[in-house]
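Every number for a ligand or one of its atoms is a count from 1 in the order of the listing.
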Amino acid sequence: MNWPVEPSRPPELPGYAHVYSGKVRELYAPIDQRTGQASQDVLLLVATDRISAYDFILGSEIPDKGKVLTQLSLWWFDQLADIIPNHVISTQVPEAVTGRGVLVRRLDMVPVECIGRAYLTGSGLAEYRQASSVCGVPLPAGLTDGSLLPTPIFTPSTKAPIGEHDQPMTFAQVEAQIGMPIATRVRDLTIAILARGNEIAADRGILLADTKVEFGLDASRPDAEGNPAIVLADEVLTPDSSRFWPAATWAPGRAQDSYDKQFVRDWLTSPASGWDRSSGEAPPALPDDIIEATRLKYIEAFESLTGRTFA
Ligand code: PZK
């Protein structure tokens with residue numbers, strides 16, 4: 001019997017105030033030693049080893065997952081630096097979060113989930129089957145799970161609180177919420193990031209089906225026209241924010257092999273787990289071999305994409 005365990009609590013970090021818990025990440029603010037006040041312009045972003053599947057945060061953690069994803073995200077920020085500046089200030093962080101923590105500029109976050117899709121799957125596929133369009137973008141008939149789209153599309157969604165589902169938005173709704181100039185720029189930036197990601201991944205035999213990116217405005221860095229610079233935030237092009245597929249086994253018409261969580265999903269839905277997905281019950285803890293196979297998948301994604309060894 002696998003006993004579910006509690007998800008990890010955010011570690012206490014001396015000199016930092018905990019400000020927010022995400023599903024798999026934690027946000028802190030450095031405390032000014034003079035004033036004792038939490039910083040207004042710097043945050044510490046920490047990627048934990050937590051993993052989610054089927055809309056649950058699992059009781060089991062994947063060792064090194066947070067470090068692998070943080071190192072991958074940092075590598076991508078460099079690959080994208082000629083397209084957009086990013087929020088990273090420094091990787092010099094407390095020892096307790098070395099490799100998984102990054103000091104970042106505090107931005108005014110754009111309140112829209114910016115999603116770009118090159119291939120059709122997931123919620124985009126579900127919407128296409130209902131409406132022959134995704135987020136107001138009409139698509140040709142005959143597309144199936146995993147189809148290459150005629151052209152990459154911007155499919156924004158609302159930012160729902162944890163536990164609620166994001167809702168698709170049309171581009172007109174994004175314009176109404178954040179204004180035409182910024183809406184146009186985040187759309188074009190999302191598509192440019194997706195395209196660069198696919199160019200680089202293609203050389204490694206990997207397809208980038210879709211990705212979610214987050215942008216913020218930095219009033220302290222005005223652009224040429226004096227407007228706040230648009231800055232890439234959060235993590236970028238990781239298996240938690242994107243779908244990476246091995247090109248060799250890509251076959252439209254079925255669910256594709258997921259680069260990261262396939263062992264977890266397969267085990268949870270197998271008789272061995274004893275879990276009924278439709279029961280509403282929390283899933284059980286993962287067996288050690290599933291945890292280790294999943295850890296190796298994250299490392300494989302990092303090493304394949306970057307050409308570096310994960311130390
Ligand atoms: C910010 N999140 C999501 C991430 C969590 C929650 N540079 C920034 N400036 C201001 N706000 C954010 C960021 C970033 N990145 C990101 N929420 C706010 C998030 C990680 C852990 F708990």
Numbering the atoms of ligand 1 from 1, which are under 4.0 Å from a heavy atom of [X]?
| X | value |
| --- | --- |
| Val104 | 7 (N) |
| Ser21 | 22 (F) |
| Arg105 | 7 (N), 8 (C), 9 (N) |
| Arg106 | 9 (N), 10 (C) |

Protein contact to [atom] [nearest heavy atom, distance to 0.1 Å]:
| atom | value |
| --- | --- |
| atom 9 (N) of ligand 1 | Leu107 N, 2.9 Å |
| atom 6 (C) of ligand 1 | Tyr20 CD2, 3.5 Å |
| atom 3 (C) of ligand 1 | Asp234 OD2, 3.6 Å |
| atom 13 (C) of ligand 1 | Met109 SD, 3.7 Å |
| atom 21 (C) of ligand 1 | Arg25 CB, 3.5 Å |

Shortest non-hydrogen contact between Thr249 and Asp257, atoms and distance
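Taking every non-hydrogen atom into account, OG1-OD2, 3.4 Å.
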
task = Return the minimal non-hydrogen interatomic distance between Ala29 and Leu43, and the atom names on each side.
result =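 Closest approach of Ala29 to Leu43: CB-CD2, 4.3 Å.
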
Worksheet entry | Thr269 vs Tyr54, side-chain contact (heavy atoms from CB on, under 4.5 Å): CA-CA, chis, key distance, verdict | CA-CA 10 Å; Thr269 52; Tyr54 299 119; 3.3 Å; yes

- prompt: Does any donor atom in the side chain of Gln167 or Ser157 lie under 3.5 Å from an acceptor atom in the other side chain?
  reply: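 No, Ser157 and Gln167 have no side-chain donor paired with an acceptor closer than 3.5 Å.
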
| query | Hey, looking at atom 18 (C) of ligand 1, which of Val19, Leu45, Leu44, Leu27 has the closest heavy atom? | reply |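 Among Val19, Leu45, Leu44, Leu27, the closest heavy atom to atom 18 (C) of ligand 1 belongs to Leu27.
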
**Report entry** ligand 1-proximal atoms of Asp108, by part, heavy-atom distance under 4.0 Å
**Finding:**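 Neither part.
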
Verify, without hydrogens or angle tests, whether Gln71 (side chain) and Gly99 (backbone) share a donor-acceptor contact under 3.5 angstrom.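 Between the backbone of Gly99 and the side chain of Gln71 there is a qualifying donor-acceptor contact (under 3.5 Å).
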
For this session: Could you tell me whether a side-chain N or O of Tyr128 sits under 3.5 Å from a main-chain N or O of Pro140, the two making a donor and an acceptor?
Result: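 Yes; at least one donor-acceptor contact below 3.5 Å.
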
Out of Arg117, Glu127, Met169, which residue meets the side chain to side chain contact (heavy atoms under 4.5 Å, CB included) rule with Cys135?
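With Cys135 as partner, Arg117, Glu127, Met169 yield a single side chain to side chain contact (heavy atoms under 4.5 Å, CB included), made by Glu127.
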
Quiz prompt | Quiz item: cation-pi between Arg187 and Phe171, 6.0 Å / 45° | solution =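 Arg187 over Phe171 ring: yes.
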
